[in-house]
Chemist: 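Before anything else, here's the structure in question.
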Amino acid sequence: MQARHLAVLALAFAAFAMLLLAGLVLARVAAARRSERTLRQALDQRALQSAALAAAARAGDATPAAQNAKPAPRGARPGGLKGLLERCAHTGARWLDTPFGRQIVAEEDRRLLEQCGFVDTRTRGLFLIARLAACIVLPLLAGALARGHVAGIRYLALVIIAAMLGFMLPKFVLGRRASKRRAGVVNELPLLVDLLRLLQGVGLSLDQALQVVVNDFRGMLPVLAGELEIAQRQFATGRTREQSLNRLSSSYDNEDLRAVVRLLVQVDRHGGAVQEPLKQFGDRLREARRAMLRERIGRLAVKMTGVMIVTLLPALMIVTAGPGVLAVQHSFRSAKH
């Protein structure tokens, strides 16, 4: 009996020790995640400040005094619509890391924001506030318009449906923009590979080639040039080349883009000539694009067959069989007379 009690006590102590060890591990992981989020927010804020200064310098509005000026105090906020947006962004950014904020802006929503080119905490905060505002304003508007026309359970159902639509409306808008940018990445990737091969062939380094693509070819590569600009800003604020390009390779779910990013990271880390690998990769991309276009043409031919049957076949029957039908009718009339 005593041995059984000792065994139970030993098992209880072992379970307590395992729970304690698991709690320590979870606390360590949570602290590491908090540190990573804090570092990411600091790097994003620094990247935004650098981008603002660069944009002001390109526009000719930046002066040395403005660049060396101290930032405004934390309590001072601009007025007007811009001040309201800044306050909303600040409030939403504070809610992002709370359980409530993680439910409103889930990982899927954050990935959609990254695909749309919104990588900083400010835009995520604005998205959270936009979702909450639409979820509140749309039911109020629908209830005000339906009052006097709908009553009872239908009125309650209308308000609930309006709230659900208001909650999902910002995500629908983001989804459409993200789908367009994903298609833009597929269309722009062969040209990006060719440009990088040409720029590397004339002797430019990887950083110089990326900067030339960002500055001079934005009109030809609107999506990828913007993404590379974000990666360049993150690289300038202290991240490694692999960390700055990791978001580009993981956000768009494109295996060819991942291969290009891996090649760029290897070139930055180990160096070497990449003209021939880029040439082969560009040829493979163009061949894949030709195959995709052939597939689209085949699908279009099948769809056009149905359209031609519905639209052209009646007109063709009228033109070809119309004179014969009229002749037969005329013969019948002559026979009757």
Chemist: Which pair of non-hydrogen atoms, one from Pro323 and one from Ile318, has the smallest distance, and what is that distance?
Modeler: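 In terms of heavy atoms, the two residues are closest at CD-O, 4.1 Å.
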Chemist: Could you go step by step and tell me if Val265 and Arg262 meet the side-chain contact (heavy atoms from CB on, under 4.5 Å) rule?
Modeler: CA-CA 5 Å; Val265 170; Arg262 285 196 297 267; 5.7 Å; no
Chemist: Sub-3.5 Å donor-acceptor pair from the side chain of Arg131 to the main-chain atoms of Pro170, do we have one?
Modeler: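 The answer is no, because no donor-acceptor pair under 3.5 Å joins these two groups.
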Chemist: For Ser244 and Ala231, which heavy atoms make the closest approach, and how far apart are they?
Modeler: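 Looks like CB-O, 3.3 Å.
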Chemist: Considering residues, nucleotides and ligands other than Met292, do more than 12 of their heavy atoms fall under 6.0 Å from its CE?
Modeler: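 Count over threshold, so yes.
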Chemist: Are the charged groups of Asp194 and Lys279 less than 4.0 angstrom apart, N to O?
Modeler: no
Chemist: Using a cut-off of 6.0 Å, state whether more than 12 heavy atoms not belonging to Met168 lie near its atom CE.
Modeler: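 Above 12, so yes.
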Chemist: Has the side chain of Glu188 got a donor or acceptor atom that lies under 3.5 Å from a matching backbone atom of Leu224?
Modeler: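 The answer is yes, because a donor-acceptor pair under 3.5 Å joins these two groups.
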Chemist: Nearest 0.5 Å please: distance from the CG atom of Leu191 over to the CG atom of Leu285.
Modeler: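 It comes to 11.5 Å.
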Chemist: Counting only heavy atoms from other residues, nucleotides and ligands, does the tally under 6.0 Å from CD of Gln329 exceed 12?
Modeler: yes
Chemist: List the atom of Ile309, the atom of Leu313, and the distance in Å for their closest heavy-atom pair.
Modeler: O-CB, 3.2 Å
Chemist: Please examine the side chains of Gln103 and Pro99, heavy atoms only from C-beta on, and report whether any two atoms are closer than 4.5 Å.
Modeler: no
Chemist: Locate the shortest heavy-atom distance separating Phe281 from Val193; write the atom from each residue and the value.
Modeler: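 In this case the closest contact between Phe281 and Val193 is CD2-CG2, 3.9 Å.
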Chemist: Under a single-linkage definition using a 4.5 Å side-chain heavy-atom cutoff for Ile, Leu, Val, Met, Phe, Trp and Tyr, are Met220 and Leu248 assigned to the same hydrophobic cluster?
Modeler: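 Cluster IDs for Met220 and Leu248 match.
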Chemist: In terms of hydrophobic clustering (I, L, V, M, F, W, Y; side-chain heavy atoms under 4.5 Å; direct or indirect links), are Leu278 and Val202 co-clustered?
Modeler: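 Yes, Leu278 connects to Val202 through the hydrophobic network.
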Chemist: Any salt bridge linking Arg124 with Glu114? Criterion: basic side-chain nitrogen under 4.0 Å from a carboxylate oxygen.
Modeler: yes
Chemist: Is it true that Asp256 and Arg284 make a salt bridge, defined as a side-chain N closer than 4.0 Å to a carboxylate O?
Modeler: yes
Chemist: Determine the minimum heavy-atom distance between Ala142 and Ala162, stating which atoms define it.
Modeler: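 Shortest heavy-atom contact: CB-CB, 3.8 Å.
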Chemist: Backbone N or O of Ser205 within a donor-acceptor pair of the Gln208 side chain at under 3.5 Å?
Modeler: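 A pair under 3.5 Å: yes.
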Chemist: So how far is it from Arg296 CZ to Arg299 CZ, rounded to the nearest 0.5 Å?
Modeler: 8.5 Å
Chemist: Is it possible for you to say whether Leu257 and Leu206 belong to one hydrophobic cluster, with membership spreading through side-chain heavy-atom contacts below 4.5 Å?
Modeler: yes
Chemist: Would you compute the distance between atom CG of Leu126 and atom CZ of Phe118 and round it to the nearest 0.5 angstrom?
Modeler: 9.5 Å
Chemist: Find out whether Leu312 and Val307 are in side-chain contact, i.e. whether some heavy atom of one side chain is under 4.5 Å from a heavy atom of the other.
Modeler: no
Chemist: I need the minimum non-hydrogen distance between Arg286 and Asp283, along with the two atoms involved.
Modeler: NH2-OD1, 2.6 Å
Chemist: Evaluate the side-chain contact (heavy atoms from CB on, under 4.5 Å) criterion for residues Asp109 and Lys171: first the C-alpha distance (whole Å), next the side-chain angles of each, then the deciding distance (0.1 Å), finally the verdict.
Modeler: CA-CA 7 Å; Asp109 304 323; Lys171 187 173 182 178; 3.3 Å; yes
Chemist: Taking atom CZ of Arg154 as the centre, report whether more than 12 heavy atoms of other residues, nucleotides or ligands fall under 6.0 Å from it.
Modeler: no
Chemist: Using a 3.5 Å distance criterion without hydrogens, assess whether the side chain of Arg177 forms a donor-acceptor pair with backbone atoms of Cys116.
Modeler: yes
Chemist: Tyr252 pairs by side chain to side chain donor-acceptor pair (under 3.5 Å) with which of Arg181, Arg258, Arg182?
Modeler: Arg181
Chemist: Using the rule given for side chain to side chain donor-acceptor pair (under 3.5 Å), can you reason through Gln232 versus Gln211, listing the C-alpha separation, both sets of side-chain angles and the distance that settles it, and then say yes or no?
Modeler: CA-CA 8 Å; Gln232 287 291 93; Gln211 200 64 37; 3.1 Å; yes
Chemist: Under the side-chain contact (heavy atoms from CB on, under 4.5 Å) rule, what do Leu196 and Leu210 come out as? Steps first, then yes or no, please.
Modeler: CA-CA 8 Å; Leu196 290 176; Leu210 293 178; 4.0 Å; yes
Chemist: Keeping the roles fixed (side chain from Asn246, backbone from Glu242), state whether a donor-acceptor pair exists under 3.5 Å.
Modeler: no
Chemist: Rounded to the nearest 0.5 Å, how far does OG1 of Thr121 lie from CG of Leu113?
Modeler: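 Separation between the atoms: 11.0 Å.
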Chemist: So how far is it from Cys135 SG to Ile104 CD1, rounded to the nearest 0.5 Å?
Modeler: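 If I round to the nearest 0.5 Å, the distance is 7.5 Å.
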Chemist: Spell out, yes or no, whether Leu264 and Phe235 are grouped together once hydrophobic residues are joined by side-chain heavy atoms under 4.5 Å, including indirect joins.
Modeler: no
Chemist: Closer than 3.5 angstrom, by distance alone: can the side chain of Asp216 be matched with the main-chain N or O of Val213 as a donor-acceptor pair?
Modeler: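 Not confirmed, Asp216 side chain does not pair with Val213 backbone.
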Chemist: Hydrophobic cluster membership, with links at side-chain heavy-atom distances under 4.5 Å among I/L/V/M/F/W/Y: are Leu128 and Phe167 in one?
Modeler: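 Yes, same cluster.
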Chemist: For a salt bridge (charged side-chain N to carboxylate O under 4.0 Å, His left out) check, start with the C-alpha distance between Arg290 and Glu295, then their side-chain angles and the critical distance, and finish with the verdict.
Modeler: CA-CA 9 Å; Arg290 291 192 192 99; Glu295 183 180 358; over 6 Å; no
Chemist: What distance do Arg241 atom CZ and Leu245 atom CG have between them, rounded to the nearest 0.5 Å?
Modeler: 6.0 Å
Chemist: Decide yes or no on side-chain contact (heavy atoms from CB on, under 4.5 Å) for Trp95 and Leu132, but give the supporting numbers first.
Modeler: CA-CA 12 Å; Trp95 292 351; Leu132 293 178; 3.7 Å; yes
Chemist: For the pair Thr305 (side chain) and Ala301 (backbone), establish whether a donor and an acceptor sit closer than 3.5 Å, ignoring hydrogens and angles.
Modeler: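 Side chain of Thr305 to backbone of Ala301: a pair is present.
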Chemist: I need the single residue from Gln115, Glu108, Glu107 that forms a side chain to side chain contact (heavy atoms under 4.5 Å, CB included) with Arg111. Which is it?
Modeler: Gln115
